[in-house]
Amino acid sequence: MAEIRFSGFGGQGIIRCGLITGKALSLYDNKHATMTQSFGPEARGSACSSQLVVSKDRVLYPYITIPEILVSMSQEAYDKYEPDLLENGILIIDTDLVKPKPVREKIQMFAIPSTRFAEELGNRIIANLVMLGFFTAVTKIVSPEAMKKALPGMVPGRFLDLNIKAFDRGYDYGGEVLKTAKPAKTKKKTAAKKKTTKSKK
Amino acid sequence: MKKVKVDPKGVLTGSHYIDGDYAIAEGGLAAGCRFFAGYPITPSTETAERFSERIPHVGGVFIQMEDELGSIAAMIGAVWGGKKTMTVTSGPGFSLMMENIGLACMMEIPLVIANVQRGGPSTGLPTLTGQQDMMQAKWGSHGDYEIIALSPDSPQECFDLTIEAFNLSETYRVPVFVMTDECVGHMHEKVVIPPAEEIEVVERKWYEGPKDKYLPYKLDKDGIPFMVKAGDGYRFHTTGLTRDERGYPVINAECQSVVVPHLVDKIINNADKIIMLEEDEIDGAEIVVISYGITSRVAIRAVQQARKAGIKVGTLRLKTVWPFPEKRIKQLARKIKAFVVPEINYGQIVLEVERCAAGKAPAFHVPHCGGWVHDPNDILKVIKEAAK
């Protein structure tokens, strides 16, 4: 069981991140993944997030309570969602867009200039795919093969190659980062922690 | 009731990662819906979008109507034209449909309406969830009649129950509602669509006798009259007025005493065949949590915690909400301590539970005014209170 939150601002492809990962896990990695999203009168540029609950068995309760993985691609989203991250969770940020507070003791943080890399590849619109590649490499929660299989139908056909390139750029960068850092593992929540935070909305 | 294989053109066989709204559209297309008339409204718009994109490829028609009144009117016409038809809406559109839903009930028109519920009243919370139209589904149009309403809890069930909705509507010649909500409508999960040859659907009850002998409201042995296609040479009349077997208005109490009981009884007398429930750990339970749609998945959290705390809790999920499982509630009321009924409204289905329990067991309501799902802790608290 894992709870993941992708966050950023409207227009970055944050919902798409949840969709691609959910599709990869449920259709090609033999897991159950339920994706829900913030759905309101939000506009391009305002905070936005998508949530994924991943499980070996059918997901009953479909919402995240204490995510163990938080991906933040904007300062506003980071400020809003970082306090909810599990105490020994994984934090992934776009290093050019998020200036993090001092990282909580047991949290593992991974940073990538995903938007900059996307611009280098020719289009900042694929920053989310750079981020997904990086996310895949450092969390190992989903296989890169499944992620790539999930792309057709999720990104415009004529940009499929570019999206794969972006994914690989992030994935390779994740590999490099892992060489210098301890590999991340999704950690089991402790029951006590779960109880104390359960009352949080 | 004749079951036939579906037209494979509409069946998108395979595994998909789609939301409940899309799954409703795929369920409709798989069931053979070839006419969609609707007016887009959040949070159901994705179903209409999906239909508009897919239905021309399977030989069907999508019409964006001027409003929801027109939508149902067009669908009634399409049914007499021989098509299977559906539409999708949310609260405000559902209100506008009520006039012609009554007409469809009176004319005994098989059609399917999905309501992706949002918070009301009025325009309320366009983008946020609610389960506040459950009583409206039952009582929304004037006069006495019965309908069928189903409530899916996942995108997969949105697909499955939309097909079931078509089958029920054809079997009983009645409008059937798929009462989902914004949460399930916008939730993405894996949806498996089986091969076309594995999906069976109920064929419309076509009349095959001589052309001059057709009576549109003469009941068959099973209590359901036959249908024909307009334009196939049958002369018949149909109206919203109380009518005789020929479909002609007969405005008197005598005719009314035939028509109204028929509209009600064709559903109520078949309730056992129509009702689908999902029960878990009911045997020996002291508390039974009754829920439907998204709330049943939220309630599971509370139920699991209550069980950990030593309370014997069973769950009963209403896949069919109308007709209401009166018999089952009556049986349970004699055996258990209390019902707990969480729902995203200020007390609708709980009233039915109370009515059926008839004082044998109390029904504790867990209200929510809409906009979001319950905090499982709120449900847990009520379970604990009920178990005291």
Side-chain angles (χ1 to χ4, degrees), chain A residues 1 3-4 6 10 15-43 46 48 50-55 57-66 142 146-147 149-154 191 194-201, chain B residues 12 14-22 42-43 45-46 116 118-119 123 125-129 153-157 181-192 278 280 293-305 308-309 315 317 371-381:
Chain A
M1 191 82 170
E3 297 180 357
I4 305 166
F6 296 96
I15 307 294
R16 201 61 18 183
C17 283
L19 276 176
I20 293 167
T21 312
K23 181 181 173 189
L25 284 160
S26 355
L27 300 194
Y28 310 115
D29 262 357
N30 208 18
K31 297 263 175 57
H32 294 261
T34 300
M35 202 281 280
T36 55
Q37 56 184 291
S38 54
F39 183 78
E42 280 104 348
S46 64
C48 131
S50 61
Q51 295 83 239
L52 208 53
V53 179
V54 185
S55 173
D57 311 305
R58 190 188 167 209
V59 176
L60 297 173
Y61 185 71
Y63 299 104
I64 64 173
T65 42
I66 318 156
V142 57
M147 289 294 271
K149 263 198 205 166
L151 288 180
M154 285 282 171
K194 221 170 176 177
K195 254 179 208 151
T196 53
T197 32
K198 194 49 69 51
S199 56
K200 260 194 236 164
K201 274 260 162 145
Chain B
L12 206 64
S15 295
H16 307 272
Y17 198 66
I18 52 176
D19 67 8
D21 280 6
Y22 271 27
T42 303
T45 309
E46 289 84 350
V116 187
R118 64 193 222 185
T123 28
L125 300 170
T127 58
L128 301 174
T129 201
D153 74 342
S154 65
Q156 179 69 53
E157 235 178 53
D181 57 78
E182 188 276 327
C183 287
V184 173
H186 285 151
M187 168 195 294
H188 280 76
E189 280 183 344
K190 181 177 173 178
V191 174
V192 180
E278 196 178 87
D280 184 44
I294 186 62
T295 306
S296 56
R297 290 179 66 168
V298 174
I300 279 178
R301 259 282 155 95
V303 169
Q304 286 167 343
Q305 281 164 350
K308 265 187 213 159
T315 58
R317 181 163 75 87
W372 189 229
V373 296
H374 288 80
D375 180 335
N377 281 322
D378 294 340
I379 303 174
L380 180 63
K381 248 182 257 164

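Small disclaimer: the values here were computed from a predicted structure and weren't measured. Chain identifiers are assigned alphabetically (A, B, ...) following the order of the sequence lines, protein sequences preceding nucleic acid strands; residue numbering begins at 1 within each chain.
For the atom pair A/I15 CD1 and B/H186 NE2, the distance stands at 11.0 Å (nearest 0.5 Å).
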Exercise for the section: Take A/V59 and B/R297 through the test side chain to side chain contact (heavy atoms under 4.5 Å, CB included) and record every step on the way to the result. Expected result: CA-CA 9 Å; A/V59 176; B/R297 290 179 66 168; 4.3 Å; yes

Exercise for the section: Given side chain to side chain contact (heavy atoms under 4.5 Å, CB included), test B/Q304 with A/Y61 step by step and report yes or no. Expected result: CA-CA 11 Å; B/Q304 286 167 343; A/Y61 185 71; over 6 Å; no

Exercise for the section: I would like to know whether B/H188 and A/Q37 meet side chain to side chain contact (heavy atoms under 4.5 Å, CB included); could you show each step before the answer? Expected result: CA-CA 9 Å; B/H188 280 76; A/Q37 56 184 291; 4.2 Å; yes

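Residues satisfying the side chain to side chain contact (heavy atoms under 4.5 Å, CB included) criterion with B/T42, sequence neighbours excluded, are A/F39, B/T45, B/R118, B/T127. Under the rule for a side-chain hydrogen bond (donor to acceptor under 3.5 Å, both in side chains), the partners of A/Q51 that lie at least two apart in sequence or sit in another chain are A/R5, A/T36, A/S49.
The part of B/S154 that comes within reach of chain A is its side chain, from C-beta onward, which places non-hydrogen atoms under 4.5 angstrom from that chain. Contacts of A/L25 with chain B are absent, with no heavy-atom separation under 4.5 Å from either backbone or side chain. Contacts of B/I294 with chain A are made by side-chain atoms alone, with heavy-atom separations under 4.5 Å and no backbone atom involved.
Across every non-hydrogen atom of B/Y17 and A/S26, the tightest pair is CE1-OG, 3.0 Å.
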